[in-house]
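The chain is numbered in sequence order, starting from 1. Hydrogens, waters and symmetry mates are skipped; everything else that's a heavy atom, side chains included, is used. Ligands are counted one by one from 1 in listed order, and the atoms in each one are counted from 1 as well.
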Amino acid sequence: MQVYGKNYHTIWVHPDNKCIIQVIDQRKLPFEFQIIDLKTTDDAYEAIRNMTVRGAPLIGVTGAYGIYLSLINSNDGNWKTNLLKMADYLKSARPTAVNLSILIDEMVSLLADCGTKEIACNMAFKEANRMKSREIAWSEAIGDFGCELIEAISKKKNGQPVNILTHCNAGWLACIDWGTATAPMYKAFQKQIPIHVWVDETRPRNQGARLTAWELSQQGVPHTVIPDNAGGHLMQHGLVDLCIVGSDRTTSTGDVANKIGTYLKALAAFDNRIPFYVALPSSSIDFAMKDGVREIPIEQRDAEEVSWMEGKLGNGEIGKIRVVNEQSPVANFGFDVTPAKYVTALITERGICNATEEDIMNLFPEKKDEMKG
Ligand code: MRU
C-alpha cells in the first residue's frame, strides 16, 4: 500500500543486507514515518512486545523472521537447542494473537530435519519470506471476497456511499499489505464503488484514530474518525450499512477475539440488524479451541496506556498527557471475545462462511486433525 505515494509492506528484508529485517515503527504513526532494523531475536521479540509491530498477521510474520534471526545468531553446535528456546521466547511476546504461535510452530517443524545450521538458515529465510507472501495473498483474497459484499449493498443504494464501520486497525499496517478488514474496502475503492468508513478511535492505544485513519487517508479512501461510543447511535440512525472487523484469534466454532470494544459493536449491530463481518486469514484461526470466552487468553496491558494519552502537543512535539485521576486504579484488557452468534459471517482467504464449526471445517477440511474432541 501507498505511503506518501510510495509502495510499502510493513515488514521486509533489508535490500542490501539479508541479515537485517526492516519494519515500520507503528508507535510513531501518524506523526512520524520511521523504519526500524531488526538484527537479533531480541529485536524481534521487543518489536512485538512493545508494539513497534502489531496486528495479528504482522506479529506472526515478525515471529517467523525472528526465528530466522535466531539461527543467524546461533552457534554451529547448539542451533537446534537454541531454536526451541528462541521459539518459546518469541511466542511469549504477546498472548492473544494466535498467528504468532502458529507461524513459529510451523517454522520449527519445517526446520527440524535440517542437517546443519547453514541449511537451517537458508531454509528459515526462504520460509519466512514465503509466509510473508502467503499472508499478502490471503489478505488480497479476503479483499476480493469481501468486496462482493460491499458491491451487493452498493447496488441497492443508487450511488450513495456504502457506510462501513470498523474497529481498531485490521489494515495493511497490521497485515503486511491490503489488511483484513480494510482489504474489501481497498478493493471496493479501486473498483470505484462509493464507500465511506467510520473509524472507531479504539481507546486506549487509538489504533483506529492513529493507524486506520492514516492508512485510509494515504490511499484516499473517504472516512471519519468517531469516538468508540458513537457506533450504536450511528447504527440506530441508518448510518452504518455493515461492520467489518479483524480478528486476533477465532475458535473453530467461530468465536472471535479482537481488540477490546469489538463485542459491544457486534451487540449494537445485532440489535439494529446490521451485518457484522469478521475478516481473517486462516493463520488467525485456532482450530484447537472451541469456547472463545473461556479459552482465549486475553492480554492485560499496562495501566499507563489508559491513564496517559499520547499525541501531538500544541508545540508540535509528540508527548503524553495524564487523563485519569492519579488515585484511581485502572484496568486495561487488550481484547474481548464476540460469541459466534453475533457474527454474520467470516470472510476468509477461501471464501465467506457462517461462523459455525461446520462451515469453518468445510472451508478448511485439512485442519480436522488439529481440533479438540
Ligand atoms: O493490540 P494490537 O494493535 O496488536 O491489536 C490487534 C489488532 O490490530 C486488532 O485487534 C485487529 O482488529 C485484528 S489484527 C488484524
Side-chain angles (χ1 to χ4, degrees), residues 1 10-11 23-29 47-63 93-100 102-103 135-136 138-139 142-143 146 164-186 197 199-215 228 243-250 255-266 276-286 292 296-302 305-306 310 332-338 343 346-349:
M1 291 277 130
T10 41
I11 189 164
V23 294
I24 297 171
D25 187 347
Q26 300 195 28
R27 295 168 307 172
K28 302 277 167 54
L29 291 171
I48 297 168
R49 199 196 57 80
N50 70 24
M51 289 173 76
T52 302
V53 294
R54 25 73 46 212
L58 177 58
I59 289 175
V61 171
T62 307
R94 290 192 71 190
T96 303
V98 71
N99 307 54
L100 185 60
I102 288 184
L103 266 62
E135 216 59 64
I136 295 172
W138 285 349
S139 283
I142 287 168
I164 308 162
L165 184 140
T166 193
H167 190 70
C168 194
N169 175 257
W172 76 272
L173 288 168
C175 308
I176 306 163
D177 208 357
W178 292 105
T180 49
T182 56
M185 304 172 197
Y186 291 133
V197 186
V199 180
D200 281 353
E201 63 174 348
T202 320
R203 279 280 286 148
R205 288 289 289 239
N206 291 326
Q207 288 95 328
R210 294 186 62 158
L211 303 175
T212 306
W214 178 78
E215 61 161 274
D228 288 332
C243 304
I244 313 181
V245 300
S247 175
D248 297 271
R249 185 186 298 236
T250 289
D255 293 342
V256 172
N258 193 49
K259 183 53 60 192
I260 191 84
T262 303
Y263 171 46
L264 294 180
K265 291 300 138 69
F276 188 89
Y277 292 105
V278 178
L280 78 168
S282 50
S283 52
S284 299
I285 303 179
D286 189 335
I296 296 178
I298 300 294
E299 179 177 28
Q300 291 194 50
R301 300 184 54 83
D302 200 322
E305 291 184 347
V306 177
E310 189 188 54
N332 187 9
F333 296 89
F335 301 88
D336 61 21
V337 174
T338 301
V343 176
L346 304 174
I347 310 171
T348 78
E349 76 269 16

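Interface of Met51 with ligand 1, defined as ligand atoms under 4.0 Å from a residue heavy atom, comprises 1 (O), 2 (P), 3 (O). Of all the atoms in ligand 1, the ones that sit under 4.0 Å from a non-hydrogen atom of Gln207 are 1 (O), 2 (P), 3 (O). Of all atoms in ligand 1, listed by their number and element, those nearer than 4.0 Å to a heavy atom of Ser247 are 13 (C), 14 (S).
When all heavy atoms are compared, the tightest approach of Ile48 to Gly63 is CD1-N, 4.0 Å. Here the closest heavy-atom approach between residue Ser283 and residue Val98 is recorded as O-CG1, 3.8 Å. Considering all non-hydrogen atoms of both residues, Glu299 and Phe335 come closest at OE1-CE1, 3.2 Å.
Inter-residue side-chain proximity for Met51 and Gln26 is flagged as unmet; no heavy-atom pair is nearer than 4.5 Å.
With no hydrogens or angles considered, no side-chain donor-acceptor pair links Asp200 and Thr202 at under 3.5 Å. In this structure, a donor-acceptor pair under 3.5 Å is present between the side chains of Glu215 and Asn169. Asn99 and Ser284 share a side-chain donor-acceptor pair at under 3.5 Å. Counting only N and O atoms by type, the side chains of Gln207 and Thr212 include no donor and acceptor under 3.5 Å apart.
Counting only heavy atoms of the protein, atom 8 (O) of ligand 1 lies nearest to Arg54 NH2, 2.6 Å. Remark: minimum distance from atom 11 (C) of ligand 1 to any protein heavy atom is reached at Asn258 OD1, 3.2 Å. Here the heavy atom of the protein found nearest to atom 14 (S) of ligand 1 is Ala56 N, 3.3 Å. Shortest contact from atom 10 (O) of ligand 1 to any protein heavy atom: Asp248 OD2, 2.5 Å.
Under 4.0 Å from ligand 1, the heavy atoms of Asn169 that appear belong solely to its backbone. Using a 4.0 Å cut-off between heavy atoms, Pro57 contacts ligand 1 through its side chain alone, with no backbone atom that close. Contact annotation for Lys259 and ligand 1: heavy atoms of both the backbone and the side chain come within less than 4.0 Å of the ligand. If you look at Cys168 next to ligand 1, the close heavy atoms, those under 4.0 Å, all belong to the side chain. Under 4.0 Å from ligand 1, not a single heavy atom of Arg205 appears.
The shortest N or O to N or O distance between Thr180 and ligand 1 is not below 3.5 Å. At least one N or O atom of Arg94, backbone or side chain, sits closer than 3.5 Å to an N or O atom of ligand 1. For ligand 1, the polar-atom distance check against Gly55 finds a nitrogen or oxygen pair separated by under 3.5 Å.
Between Glu310 and Arg210, at least one side-chain nitrogen of the basic residue sits less than 4.0 Å from a carboxylate oxygen of the acidic one, meeting the salt-bridge criterion. Using a 4.0 Å cut-off between charged nitrogen and carboxylate oxygen, Asp286 and Arg249 count as a salt-bridge pair.
Of the listed options Pro281, Gly334, Ala170, Gly208, Ala170 places a heavy atom closest to atom 15 (C) of ligand 1.
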